[in-house]
Protein chains: 2
Amino acid sequence: MRPLTHPSIDDITVEGILHALSDPVRVRIYTQLACAERANSCSAFLQVEDRCIPKSTLSQHFRALREAGLIRSERRGVEMLNTTRCDEIQQRFPGLLPAIMQAHAIQSGKPLPPAPEGDDK
Amino acid sequence: MRPLTHPSIDDITVEGILHALSDPVRVRIYTQLACAERANSCSAFLQVEDRCIPKSTLSQHFRALREAGLIRSERRGVEMLNTTRCDEIQQRFPGLLPAIMQAHAIQSGKPLPPAPEGDDK
DNA sequence: TCCCATGGTTCGCAACATACGAACTTATGA
DNA sequence: TCATAAGTTCGTATGTTGCGAACCATGGGA
């Protein structure tokens with residue numbers, strides 16, 4: 001099993017981020033991770049929006065998010081803990097992720113509060 | 001030749017926008033259109049970033065941008081005039097396009113001025 | 001120590017998407 | 001009417017994605 005690889009912050013591209021977040025399942029996963037208090041395992045997402053996601057597919061989605069630089073994954077015993085890298089990305093591309101998240105929220109009918117600075121609690 | 005179809009503003013999705021703009025050629029085209037004073041024909045983009053784009057490929061890229069709702073195309077004699085729909089999209093997803101454009105600008109080393117409101121001149 | 005359950009990954013294949021040359025359509029102008 | 005220019009469509013080769021089956025790694029029990 002090859003080791004987990006994460007791009008350095010400077011290797012993260014806008015194209016990569018947009019591509020990763022242009023998939024509804026990945027957006028959903030990312031949103032959940034961004035809202036989570038603690039790191040989340042992959043298997044917490046076997047069900048996404050009434051849809052049952054096969055675990056091989058889920059594994060690919062996590063890999064896509066990881067390689068795009070959107071999340072950081074760490075093996076912890078038998079499972080994996082995932083957290084977003086939103087602080088780093090906010091440094092490199094200020095405002096990008098909040099705007100995308102807000103747009104998704106608007107589309108799903110639940111706009112977020114304005115959030116002037118990094119509101120990511 | 002089938003007629004040009006444009007999605008209504010309510011049918012435009014965030015996924016569609018992100019997917020369309022996750023391609024470097026399309027971003028380039030969109031950026032040029034957004035900065036242009038007047039509408040632009042397709043053939044103005046046969047060369048993109050030192051790369052010569054075949055016109056069939058270009059045609060597909062324009063279709064992708066059009067069907068994602070990012071641009072509006074109008075046949076004008078033998079050529080086609082393209083304009084962005086950024087005002088409409090700004091209404092539906094405020095801040096999304098400016099943030100993406102800014103991120104691309106940062107990535108290419110030429111950050112844009114802050115632009116508090118719709119700066120789209 | 002052995003076995004097994006659990007959480008993820010990898011492989012292989014089918015389905016879908018993309019790039020591009022060749023052939024086509026439409027409009028313009030000589 | 002013919003030639004040319006701007007785009008589109010088609011066919012094919014190549015890439016990407018989704019998913020089941022098989023696999024790997026870790027953490028408990030007996």
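Proteins come first, then strands; the chains are lettered A, B, ... in the order of their sequence lines, and each starts at number 1. The figures that follow rest on heavy atoms only: side chains count, while hydrogens, waters and symmetry mates do not. Just so it is clear, the structure is predicted and the values come from calculations on it, not from any experiment.
- Contact detail for B/Y30 and B/L70: the closest heavy-atom pair is CE1-O, 3.5 Å.
- Following rounding to the nearest Å, A/F62 (CZ) and C/dG8 (P) show an atom-to-atom distance of 8 Å.
- Put simply, CG on A/L65 is 12 Å from P on D/dT17, counting in whole angstrom units.
- Residues satisfying the ring pair (Phe, Tyr, Trp, His ring centres under 6.0 Å) criterion with B/F45, sequence neighbours excluded, are B/F62.
- As rounded to whole Å, 11 Å separates atom P of C/dG8 from atom CZ of A/R66.
- Donor-acceptor pairing under 3.5 Å is recorded for the side chains of A/R66 and A/S73.
- Comparing the helix axis at one end of the helix from C/dT1-D/dA30 to C/dA30-D/dT1 with that at the other, each defined from 5 consecutive pairs, gives an inter-axis angle of 0° (nearest 10°).
- B/E79 CD to B/L81 CG: the interatomic distance, rounded to the nearest 0.5 Å, is 6.0 Å.
- Residue A/E67 contributes atom CD, which lies 13 Å from atom C1' of D/dT16 at whole-angstrom precision.
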(request) Can you check each nucleotide of nucleotides 17-22 of chain C against protein heavy atoms at under 4.0 Å and return B for base, S for sugar-phosphate only, - for none, in 5' to 3' order? (result) -SSBBB

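- Distance alone, capped at 3.5 Å, is enough to place a donor-acceptor pair between the B/R92 side chain and the B/I12 backbone.
- Side-chain contact between B/I100 and A/L18: present, with at least one pair of heavy atoms (C-beta onward) separated by less than 4.5 Å.
- B/S43 comes within 4.0 angstrom of sugar-phosphate atoms only, judged by non-hydrogen atoms across all strands, and of no base.
- Of all heavy-atom pairs spanning A/H61 and A/R26, the tightest one is ND1-NH1, 3.2 Å.
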(request) Using a 4.0 Å cut-off on protein heavy atoms (strictly under), produce a 5'-to-3' string for nucleotides 25-30 of chain D with B for base contact, S for backbone-only sugar-phosphate contact, and - for none. (result) -BS---

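- Hydrophobic clustering, defined by side-chain heavy atoms of Ile, Leu, Val, Met, Phe, Trp and Tyr closer than 4.5 Å, groups A/L4 together with A/M80.
- The separation between B/E79 atom CD and D/dT4 atom P is 19 Å, rounded to whole Å.
- D/dA5 atom P lies 19 Å from atom CG of B/L81, rounded to whole Å.
- What you find for A/I9 and A/R85 is that their closest heavy atoms are N-NH2, 3.9 Å.
- Sorted by first and then second residue, the pairs that involve residues 43-64 of chain A and meet salt bridge (Lys or Arg N to Asp or Glu O under 4.0 Å), not counting sequence neighbours, are A/R28-A/E49, A/R63-A/E67.
- To the nearest angstrom, C1' of C/dG8 lies 15 Å from CG of A/N40.
- Rounding to whole angstrom units, CD of residue A/E15 and C1' of D/dT16 are separated by 17 Å.
- Counting heavy atoms from C-beta on, the side chains of A/L58 and A/I29 come closer than 4.5 Å.
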